[in-house]
Structures are given as structure tokens and as C-alpha cells.
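Just so you know, residue 1 is the first one in the sequence shown, and it goes up from there. What you see is a predicted model; the values in this text were computed from it and never measured.
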Amino acid sequence: MDQFTLKQYMRDNPDAKLRDIVAQLLYDEIISLKLMPGTKLNVNQISSSLGISRTPVAEAIAHLTDVGFVVQHDGQSGSFVLDLDLRDMINLYRVRNAIESEAAALCAHSADEATVRKLYTLAEAFKDSVTSKDIQGMKDTDMPFHRLIIDSCGNPYLIQSYEQILPKLTMYQSSMLRFLGDNGSESNPWMPSVLYNHVSIVSAIRMRMPELARQSMIDHIDSSLNFTALSGNGG
């Protein structure tokens, strides 16, 4: 987070107020885990690194507090990035399972061959990235794979529901990908499921088997939850 990055955001949003641009910059860093959960946000430090006054930074942090990505702790001064929590993750992944399993089943009914080919390409690339511990490769293939299934399901209400959970989901997915990149990830018993579930989902969609696609997605999301929870020691 520096002046160069801020200028890029300003070029991309020429009509936006500075506080909104700073809020978007901080938000993007939070959901990608560049600003780690639990980090204390120092207004002076942030404003200095961005080369701006304290006011738009303070206003940006206030906005992120309103939407739940920044919190205050009892007995502590200042603002902190929302911490990851296993119970919250379980609740989120239950909702994710309901949305994405239905989307996978709908895709098995209606996805065209071009979509299936793209899903298969993303699935294979994700598997290769996990094998080589290429975290950027995982980022470039994991969420785009799930996003394509959502966008191709044909149900606007499912898409709208997914949009609501996507920011928090991105945080937890970023955490999982970091664990996948660790040298000790092979010892996690959920590793094989995480590695191959994308391919299983695409195979079910390609064979036009909605219930198999639904169950494959459920298995995948459950495996991702279990993998992350075990890697983080339940923290």
C-alpha cells in the first residue's frame, strides 16, 4: 500500500471521492489478506504511506467499520482488521454450499460446451498450481472456477446471493490458498479432496448429471472447510 497504488486507484476511479478510493484500497488489501486479520490500522502510518492527510483515511476506516471488515475491541484503542473465525467460517460455508451446489446442478442442465471446456481448463490449472505450490496460480484459477459456475447457472437470485457472501468468502479462500502453499500441506488428510474436486465437478457437469454435480460441489466445499480448519488448528 503506497502512493503508486493509490494513484492507480485514482486513475481507475476519476470521479470518486478520496475517502472512497482509500476505502476500496484498504478493502481489497483486507480480503486478499495483504492486510492480515487482526492487524491494527494506524491512521498516521497509512496516511503517510499514501501521501495524503489523515481525514480521508479515518473516514475510510469508519466506512469499513460500518460494513464489518474493521472492528474495535473492548479495552483496546484503535481499529483492527476483522479476524478470521472458525465458527463464522462454518456458517459462511453452509450458505456457500447451498448456493454453489445448486449452481453446479443447474450448470449440469444448461452449461454450453465452451463453458465446460473453460471449467475443465481452470480445474486442471488449479490442480497443477496446487501441486507446484504456485499460490498466484491458485488465485488465478480457484475463485474464477467457482465464479464461472455461478455466472453460468442461469438463476439471477443465486448470483445475487453469491455476490453478498463473496467479500468474506474471498478472505477465507485466500487463507486456504496460503495453507495449500505451505510445505506441510501434503500431510493434511483433506489435501487429495481439495486437489481433485474441481475435476470431479466438471466431469459431472460434462456428463449432464445434476445430482452428481451437486454432491461433488458439496464434497468440495466441505473438504475446503475441513482442510482450512485443520491447517489453522481450528483457529
Side-chain angles (χ1 to χ4, degrees), residues 1-73 76-85 88-89 92 118 121-122 125-126 128-148 150-151 162-183 185 228 231-232:
M1 188 164 47
D2 52 31
Q3 295 183 39
F4 176 76
T5 305
L6 177 63
K7 288 178 181 178
Q8 284 185 314
Y9 275 66
M10 293 174 70
R11 283 196 296 269
D12 294 338
N13 303 275
D15 299 324
K17 294 181 179 179
L18 183 57
R19 68 187 181 194
D20 297 329
I21 293 174
V22 174
Q24 185 64 50
L25 192 158
L26 291 172
Y27 169 85
D28 289 345
E29 298 231 333
I30 289 171
I31 67 170
S32 65
L33 299 189
K34 291 179 181 177
L35 275 173
M36 292 298 291
T39 299
K40 185 174 183 178
L41 298 175
N42 187 308
V43 175
N44 290 330
Q45 186 178 60
I46 294 171
S47 62
S48 177
S49 65
L50 296 179
I52 57 177
S53 69
R54 296 176 75 259
T55 300
V57 175
E59 291 175 343
I61 290 174
H63 171 70
L64 292 173
T65 302
D66 289 340
V67 297
F69 283 91
V70 172
V71 297
Q72 281 80 44
H73 298 311
Q76 298 184 54
S77 62
S79 300
F80 300 81
V81 175
L82 177 71
D83 214 341
L84 299 181
D85 176 80
D88 182 60
M89 184 180 181
L92 177 67
K118 188 170 183 179
T121 298
L122 287 169
F126 175 74
D128 291 343
S129 296
V130 173
T131 302
S132 63
K133 300 191 181 303
D134 175 7
I135 294 179
Q136 187 58 52
M138 296 180 214
K139 290 181 179 179
D140 292 341
T141 54
D142 182 34
M143 292 300 284
F145 174 86
H146 290 274
R147 181 81 233 198
L148 181 56
I150 292 292
D151 290 340
Y162 186 76
E163 292 286 354
Q164 291 180 335
I165 68 169
L166 185 57
K168 183 72 75 65
L169 176 60
T170 303
M171 288 182 67
Y172 286 111
Q173 285 299 96
S174 296
S175 177
M176 186 192 81
L177 297 183
R178 289 194 176 200
F179 288 136
L180 281 172
D182 290 344
N183 289 328
S185 61
T228 307
S231 296

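Here the side chain of Asn42 pairs a donor or acceptor atom with the backbone of Gln45 at under 3.5 angstrom. Without hydrogens or angle criteria, Arg178 side chain to Leu33 main chain gives a donor-acceptor distance under 3.5 Å. A donor-acceptor pair is defined here as one N or O able to donate and one able to accept, closer than 3.5 Å; such a pair exists between the side chain of Thr170 and the backbone of Leu166. A donor-acceptor contact shorter than 3.5 Å is absent between the side chain of Asp142 and the backbone of Met138.
By the 4.5 Å heavy-atom criterion applied to side chains, Glu59 and Val22 are not counted as neighbours. The closest side-chain heavy-atom distance from Tyr172 to Thr228 is not below 4.5 Å. Inter-residue side-chain proximity for Leu84 and Met89 is flagged as unmet; no heavy-atom pair is nearer than 4.5 Å. Using a 4.5 Å heavy-atom cutoff, the side chains of Leu41 and Leu35 are in contact. Counting heavy atoms from C-beta outward, Ile30 and Val70 have side chains that approach closer than 4.5 Å. In this structure, Phe126 and Leu177 have side chains that are in contact, with non-hydrogen atoms separated by less than 4.5 Å. Between Tyr27 and Val67 the shortest side-chain heavy-atom distance does not fall below 4.5 Å.
The nearest pair of heavy atoms linking Thr141 to Ala125 is CG2-CB, 3.6 Å. Across all their heavy atoms, Val43 and Ala58 have their closest contact at CG1-N, 4.3 Å. Residues His63 and Ala23 approach most closely at CD2-CB, 4.0 Å, considering heavy atoms.
Note: Leu18 CG to Ile52 CD1 = 4.5 Å, rounded to the nearest 0.5 Å. The line from NZ of Lys34 to OG of Ser174 is 10.0 Å long, rounded to the nearest 0.5 Å. The line from CE of Met143 to CD1 of Ile150 is 9.5 Å long, rounded to the nearest 0.5 Å. Atom CG in Leu25 sits 9.5 Å away from atom CD1 in Ile46 (nearest 0.5 Å). How far OG1 of Thr65 is from CD of Gln72: 4.5 Å, rounded to the nearest 0.5 Å. Interatomic distance, CD1 of Ile21 versus CG of Leu26, reported as 12.0 Å (0.5 Å rounding).
Heavy-atom neighbours of Met10 CE from other residues, nucleotides or ligands within 6.0 Å: at or below the threshold of 12.
Checked against side chain to side chain donor-acceptor pair (under 3.5 Å), Ser132 has no partners two or more places apart in sequence or in another chain. Thr39 is linked by a side chain to side chain donor-acceptor pair (under 3.5 Å) to nothing, counting only residues two or more places apart in sequence or in another chain.
A side-chain donor from one of Thr5 and Asp2 sits under 3.5 Å from a side-chain acceptor of the other. Side chains of Asp20 and Gln24: no donor on one and acceptor on the other come within 3.5 Å.
Ring planes of His73 and Phe80: tilted class, angle from 30 to 60°.
Results of the side-chain contact (heavy atoms from CB on, under 4.5 Å) test with Ser129 over Asp134, Asp140, Ile135 single out Asp134 as the only residue that passes.
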| request: For the pair His146 and Leu169, evaluate side-chain contact (heavy atoms from CB on, under 4.5 Å) and give the outcome as yes or no after the intermediate values. | output: CA-CA 11 Å; His146 290 274; Leu169 176 60; over 6 Å; no
